[in-house]
There are 2 protein chains.
Amino acid sequence: MAEQPAGPVLDDQVCFALYAASRAVTALYRPLLDDLGLTYPQYLVLLALWEHDALTVKDLGRALQLDSGTLSPLLKRLEKLELVRRERRSDDERSVLVTLTAKGDELRAKAVPLPGLVGDAMGLDGPDLYELRTTLRELTDSVNAYRAALPQ
Amino acid sequence: MAEQPAGPVLDDQVCFALYAASRAVTALYRPLLDDLGLTYPQYLVLLALWEHDALTVKDLGRALQLDSGTLSPLLKRLEKLELVRRERRSDDERSVLVTLTAKGDELRAKAVPLPGLVGDAMGLDGPDLYELRTTLRELTDSVNAYRAALPQ
DNA sequence: AATAACTGAGTTGTGCACAACTTAATTTCT
DNA sequence: AGAAATTAAGTTGTGCACAACTCAGTTATT
């Protein structure tokens, strides 16, 4: 008979595998992003802006699943780096519109090779990567739906 | 012709899918762990200790892939909660052995239902979860091997 | 029109992560 | 044995994440 631990086991947990994988990939990006003067969450914000050009803090929060408590100081740092501008919308003074500066837009070209480099290091071929991404999205949606249905 | 964004796209990134999934699962654990008075990384440390009973800070770092800069203050908090003890090893005074207190050991029983609850919310069946875990481990190993091979 | 409810950002405080560094203990190399 | 290198923890400083809160602006209700 194999031993039966009287509790959950670390390496059995999908949650730990996710946590470890996410941190490993972020760590792989770090030296590449250092060259651009960015952190990983800052890079994600710029990814969203390179795609959409102008987004409110609210929009960014929806895209990245982050709240204003995280985004506000992060955006201030990006503004200090002169990569983005922040301005109140005139038609709704509650909203702050975040837009790329010329400098922020130019950084896009330097970021183009990054996903390829990181993809190579993952050791998965195209179809496996595609399937993994799909599974992760489904998992995230399922978990978030479950959370939204919880009391409170 | 579809538009071709002149740069990487947020939702295409496996790295973002990982980041979002990891945070969603952690967020799902949070209210459950609140009842035990634990954070998610603290829970991971206890998982390792429930399995092995006594580990050095170094061992914990290897198991969780965290360095002493993260673990030292975390373990101090667990000690203040009276869930673990920390003591220098007599045969090597550099090492600190972390062991469970009775209180820390008792918490194990309360943690038993957690993985099942979280597994349900993931919306994947057993085989899919198993495959995902395997893929994530391979990805983590591949990425870490790649990082270890980098200059410096 | 006045009030109530809601919304979007921002602030404060706690706890990770991680880089860079310090210190003390141990091991290795002359 | 003594110096140099290595190792294990811990400290300091920065930047997320996130809860809980504030505040100003907008919308809904009466």
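Every chain is numbered from 1 and lettered A, B, ... according to where its sequence line falls, protein lines coming before strand lines.
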How many whole angstroms separate atom [atom1] of [X] from atom [atom2] of [N]?
X       : N      : atom1 : atom2 : result
B/Lys80 : C/dT14 : NZ    : P     : 12 Å
A/Asp92 : D/dG25 : CG    : P     : 11 Å
A/Leu74 : D/dA17 : CG    : C1'   : 11 Å
A/Tyr29 : D/dC16 : OH    : P     : 16 Å
A/Arg86 : C/dA9  : CZ    : P     : 11 Å
A/Lys58 : D/dA24 : NZ    : P     : 20 Å
B/Leu55 : D/dA8  : CG    : C1'   : 15 Å
A/Leu81 : D/dT14 : CG    : C1'   : 13 Å

How is [X] classified with respect to the nucleic acid when contacts are heavy atoms under 4.0 Å: base, sugar-phosphate, or nothing?
X       : value
B/Ser95 : sugar-phosphate
A/Thr26 : nothing
B/Thr39 : sugar-phosphate

Determine: side-chain N/O of [X] to OP1/OP2 of [N], distance under 4.0 Å, yes or no.
X       : N      : result
B/Arg77 : C/dC16 : yes
A/Ser72 : C/dG10 : yes
B/Gln42 : C/dC16 : yes
A/Arg88 : C/dG8  : no
B/Tyr19 : D/dA17 : yes
A/Arg94 : C/dC6  : no
B/Arg30 : D/dA19 : yes
B/Lys76 : D/dA9  : no

Donor-acceptor pair, side chain of [X] and main chain of [Y], under 3.5 angstrom:
X        : Y        : answer
B/Asp67  : B/Thr70  : yes
B/Arg23  : A/Gln65  : yes
B/Thr101 : B/Gly104 : yes

Open item on the list: Could you see if B/Leu71 belongs to whatever hydrophobic cluster contains B/Leu97? Use Ile, Leu, Val, Met, Phe, Trp, Tyr and a side-chain cutoff under 4.5 Å.
Closed with: no

Open item on the list: Reading DNA chain C from 5' onward, which residue's closest nucleotide shows up sooner: A/Val96 or B/Pro41?
Closed with: A/Val96

- [ ] On DNA chain D, check which nucleotide each of A/Asp91 and A/Tyr40 is closest to and give me the residue with the more 5' one.
- [x] A/Tyr40

Open item on the list: Let me spell it out: for each of A/Gln65 and A/Arg89, pick the nucleotide of DNA chain D with the closest heavy atom. Which residue's pick is nearer the 5' end?
Closed with: A/Gln65

- [ ] Test for a donor-acceptor pair under 3.5 Å between the base of D/dG10 and the side chain of B/Ser68, counting only N and O atoms.
- [x] yes

Open item on the list: Taking atom NZ as the centre, does A/Lys110 end up with more than 12 heavy-atom neighbours from other residues, nucleotides or ligands that are less than 6.0 angstrom away?
Closed with: no

Open item on the list: Would you call the rings of B/Tyr40 and A/Tyr19 parallel, tilted or perpendicular, taking 30° and 60° as the class edges?
Closed with: perpendicular

